[in-house]
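As structure tokens, the structure follows; a few thoughts come after it.
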Amino acid sequence: MAIAPRPFSREFLATDTLAAARALIGARIARGSGPSACVGRIVEVEAYIGQEDLACHARFGYTKRNAVMFGPPGAAYVYLVYGMYHCLNVVTEAAGRPAAVLIRAVEPVLGASEMRAARLRAALGRSPRMEADAVARTRRRIETLPAAALASGPGLVCAAFSIDRHDDGRDLCDEGSDLRLELSDADEQLAVETGPRIGIDYAPEPWRGRPWRFYVPGNRAASGIPAK
DNA sequence: GCAAAGATTTGCT
DNA sequence: GCAAATCTTTGCC
């Protein structure tokens, strides 16, 4: 019999974003319930902390897009990047202080076939006018992906779990939520390494070099690191 | 009001 | 290894 998961502690998210980021490694993200439920283990995250962090979306202050980051901890901050992909963050620290942890990669635990179907829906939905042979190529590519590659990037996590801006502001610490964070006693402690955040070349030092990316070394789902 | 760039992924050279 | 795809948000005129 399976051990019942418990919701991720909001009080813990409320204090220190770097500690929260580290603790989120190995935690689970869950979507839905019953036979179509999807569950994954978080294996890569990044911390974005406050208006002073010039890599953080809050660096321009309060805006319509980043409003949720200024709210209470435990909420989902979901935004659209590059006009096509969504990114999921977990809001941290007390209300009024904008900080969050970006979920960069997840290892499928349950519902991999559901995630694959969601990836396909996302890919085809993005380009509605794709030619028939392009559709076939895309379908073949996604159908042959190893399970570990289904959510191995921030945009892919959202595609696999069908996360979009409808989920912006959702409470991830509520066990009744359709999208939520969970801890399971069945999970062993994972090794964690740190490094600079990815894709923030626009940020000046010291922010660009801050080792605020946390990941499980050698994990296949987390290994999608740009070559540069 | 308009131009520019972005916490990415994919496909082609 | 590089550039395109795509659209919201930001920043300047």
Exercise for the section: For A:Thr63, answer base if it contacts any base atom (sugar-phosphate contacts may also be present), sugar-phosphate if it contacts only those atoms, and nothing otherwise; contact means non-hydrogen atoms under 4.0 Å. Expected result: sugar-phosphate

Practice task
Determine the contact category for A:Ile200: base if any of its heavy atoms lies under 4.0 Å from a base atom, sugar-phosphate if only primed atoms, P, OP1 or OP2 are that close, otherwise nothing.
Solution key: sugar-phosphate

Problem - C:dT10 phosphate, OP1 or OP2, under 4.0 Å from A:Arg59 side-chain N/O - result: no

Practice task
Please work out which residues in residues 154-173 of chain A have a non-hydrogen atom less than 4.0 Å from an atom of DNA chain B and list them by number.
Solution key: A:Pro154, A:Gly155, A:Leu156

Fill in the blank from the handout: Writing each nucleotide of DNA chain C 5' to 3' as (, ), [, ], | or . by Watson-Crick or G-U pairing under 3.5 Å yields |||||.||||||.

Practice task
Identify whether any heavy atom of A:Arg65 sits under 4.0 Å from a base atom; if not, whether one sits that close to sugar-phosphate; answer base, sugar-phosphate or nothing.
Solution key: sugar-phosphate

Practice task
Please work out if A:Ala203 contacts a base, only the sugar-phosphate, or nothing of the nucleic acid, heavy-atom cut-off 4.0 Å.
Solution key: nothing

Completion exercise
Taking C:dC7, B:dA7, B:dG11 as options, the one with an atom nearest any side-chain atom of A:Leu80 is C:dC7

Problem - Sub-6.0 Å ring centroid separation between A:Tyr79 and A:His57 - result: yes

Exercise for the section: Check whether NZ of the Lys or CZ of the Arg A:Arg65 lies under 6.0 Å from the centre of the six-membered ring of A:Phe60 and within 45 degrees of that ring's axis. Expected result: no

Practice task
Check whether any side-chain N or O of A:Tyr202 sits under 4.0 Å from OP1 or OP2 of B:dA5, and answer yes or no.
Solution key: no

N/O donor to acceptor pairs below 3.5 angstrom from side-chain atoms of residues 132-145 of chain A, sequence neighbours left out:
unit_1	atom_1	unit_2	atom_2	d
A:Thr138	OG1	A:Ala134	O	3.0
A:Thr144	OG1	A:Arg140	O	2.8
A:Thr144	OG1	A:Arg141	O	3.1

